[in-house]
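Numbers for residues simply follow the sequence, beginning at 1.
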Amino acid sequence: MSSSQPATDLREAYRVCEPKPLNGEDFDRYYEPLLGEDDFDAVKAIGASLFVQEPREHKTFFVAGHRGCGKTTELNLLVKNWCEDYHVIYIEADKISNINNIDYIDIYLLAALYINIHINTYEISIEPNIIKQFEDVLATIIHCVIEPSPDSEIEDKVSSIKSIAATENFKWVESSTDFSLLLAGLLLKTSELKTTNRFYISYNLAGGKPKNIITYRGAFVTYEDDFKNVFKVLLNDFNKALKKQKNTYKGILLIIDNLDRCSLNTAKAIFNDEIEKLFEIGCNAIYTAPIYYLNQLQKTNINQQDHFLIPLSNIYKFSKNQLNPQTNILSFQKLIALLRRRIDLNVLFDSDRVILELVMSSGGNLMHLMVLLRQAYLSAIGRNRRKASKTDVNYAIEQLQISFERHASNDEFYEDLVMSFYDKTLPEGDSGLLALERGMLLQYRDKKKDLFFPQPVVLQMD
């Protein structure tokens with residue numbers, strides 16, 4: 001939308017309420033802080049940490065939150081306000097890799113791919129033999145995998161990997177280099193669903209080198225030290241070249257976004273079994289983590305670790321003496337102010353009551369709020385109205401309930417949600433984690449304490 005004025009018709013309102021991260025001009029147009037000025041949130045905490053760093057220092061950060069709560073928007077705000085002296089490389093973890101079959105190897109490959117793209121995009125001069133060294137290590141890894149045939153020539157195997165990326169129509173990769181195609185092709189191979197048994201390797205009975213490696217991840221594990229060493233050489237030389245261009249330069253900041261979209265089993269691998277690998281990447285790194293693994297991250301005792309929650313707008317006032325919490329008027333006012341930046345509420349809705357019902361039904365989750373708004377607009381447009389009414393809001397709520405019902409697995413799942421209503425805690429086992437992942441159970445931060453409560457429209461389901 002080119003106009004900076006709030007939308008005044010339903011079609012325009014539908015467009016501006018698309019649930020997507022804010023960036024660029026959209027910050028000035030739509031951004032509304034939901035926390036107070038004195039709140040020390042994730043952006044301020046990470047920004048301050050980066051500000052006080054010396055050039056050779058680096059840290060690892062984890063940013064967790066519900067899907068659609070504003071993690072990417074807040075990371076964009078961090079880059080805008082705090083990262084002038086850093087070279088930021090923003091990586092969407094699910095852009096190439098299968099996000100439900102991703103691990104630390106894929107993250108290193110993604111980092112190498114994006115570094116190479118930045119080298120070419122910004123015309124950075126690095127030692128010419130480094131890329132050749134990296135390609136040689138990758139060729140060795142590729143050659144030891146028994147597909148398509150253990151007897152295939154190494155050049156044929158490498159060409160086959162590059163062709164995979166080329167045929168997938170990754171235009172932004174194709175415009176780079178053969179090295180980028182090689183890395184992208186390997187990412188596609190490592191994250192194939194058929195490689196779920198990802199580290200399968202058979203060894204000779206006499207010991208020594210593996211006899212058969214049937215997955216690319218198994219090959220990377222076998223040559224992990226070589227792979228990490230050549231990655232470190234690439235990273236350090238890139239860092240050195242950037243330092244020559246700017247005296248105030250402090251280092252590289254990798255932002256690995258969308259990791260929070262991975263499946264429960266994948267999250268268990270990355271944020272439990274492999275979490276130490278994420279600290280070895282060699283520069284500042286921010287990982288978005290699934291909200292249901294925030295508690296696990298807080299239990300780990302590893303140096304250079306900081307973890308943050310991007311909280312929902314807490315629409316409740318929780319009290320030990322009240323089963324059903326009261327509404328938090330201040331949070332409602334902030335969410336209404338956020339909406340007024342995008343839409344003219346007086347023109348588009350029949351009454352303040354239906355607006356408040358939509359906000360309440362969102363549970364303070366921005367993605368749920370935008371989804372509800374757009375469904376209400378569609379209902380009103382379909383009924384040939386110029387304003388959304390109570391009928392349209394009811395339709396929007398029903399559609400969100402239907403989407404939740406698709407994810408409800410069994411009676412025990414609902415029983416756990418009921419328990420959260422009573423005790424405001426996270427149910428034990430995977431059902432509670434799945435409820436958080438699907439947005440049916442919401443996590444709120446109330447005076448530094450984390451409380452869990454069912455999504456409001458879930459409470460209305462039969």
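Applying the side-chain hydrogen bond (donor to acceptor under 3.5 Å, both in side chains) test to Thr425 and every residue at least two apart in sequence or in another chain returns Asp423. The side-chain hydrogen bond (donor to acceptor under 3.5 Å, both in side chains) search around Asp260 returns Lys71, Thr288, not counting sequence neighbours. Remark: Gln455 engages His368 in a side-chain hydrogen bond (donor to acceptor under 3.5 Å, both in side chains) (not counting sequence neighbours).
The closest donor-acceptor contact from the side chain of Ser191 to the backbone of Asn98 lies under 3.5 Å.
One side chain, Asp85 or Thr248, offers a donor N or O that lies under 3.5 Å from an acceptor on the other. A donor atom on one side chain and an acceptor atom on the other are found under 3.5 Å apart for Asn101 and Arg217. If you check the side chains of Gln375 and Tyr14, you find no donor sitting under 3.5 Å from an acceptor. Donor-acceptor pairing under 3.5 Å is recorded for the side chains of Ser180 and Asn116.
Here the options are Lys243, Gln245, His118, the test is side chain to side chain donor-acceptor pair (under 3.5 Å), and the partner is His87; only His118 passes. Between Leu187 and the options Ile102, Ile164, Leu110, Ile161, a side chain to side chain contact (heavy atoms under 4.5 Å, CB included) holds for only Leu110.
Taking the centre and axis of the six-membered ring of Tyr30, the NZ or CZ atom of Arg341 falls outside the cone set by 45° and 6.0 Å. The side-chain tip of Lys250 points at the ring of Phe51 from less than 6.0 angstrom away and within 45° of straight on.
More than 12 heavy atoms of other residues, nucleotides or ligands lie within 6.0 Å of NZ in Lys246, so this atom counts as buried by the packing criterion. Heavy atoms from other residues, nucleotides or ligands lying under 6.0 Å from CD of Glu57 number more than 12. Remark: Asn129 CG is packed, more than 12 non-hydrogen atoms of other residues, nucleotides or ligands lying under 6.0 Å away.
Here Lys268 pairs with Asp430 in a salt bridge; the nearest charged N to carboxylate O distance falls below 4.0 Å. Salt-bridge check for Glu74 with Lys44: failed, with every basic side-chain N at 4.0 Å or more from each acidic carboxylate O. Ion pairing between a basic and an acidic side chain is recognised when a charged N comes within 4.0 Å of a carboxylate O; Arg29 and Glu25 show such pairing. The pair Glu280-Lys228 counts as a salt bridge, with a side-chain nitrogen and a carboxylate oxygen less than 4.0 angstrom apart.
Of all heavy-atom pairs spanning Leu77 and Phe27, the tightest one is N-CZ, 3.5 Å.
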Would you please test Phe453 and Tyr444 for ring-ring contact (aromatic ring centres under 6.0 Å, His included) and show each step? CA-CA 8 Å; Phe453 200 67; Tyr444 297 96; 7.3 Å; no
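The aromatic rings of Tyr104 and Tyr108 sit perpendicular to each other, their planes meeting at more than 60°, with 30° as the lower class boundary.
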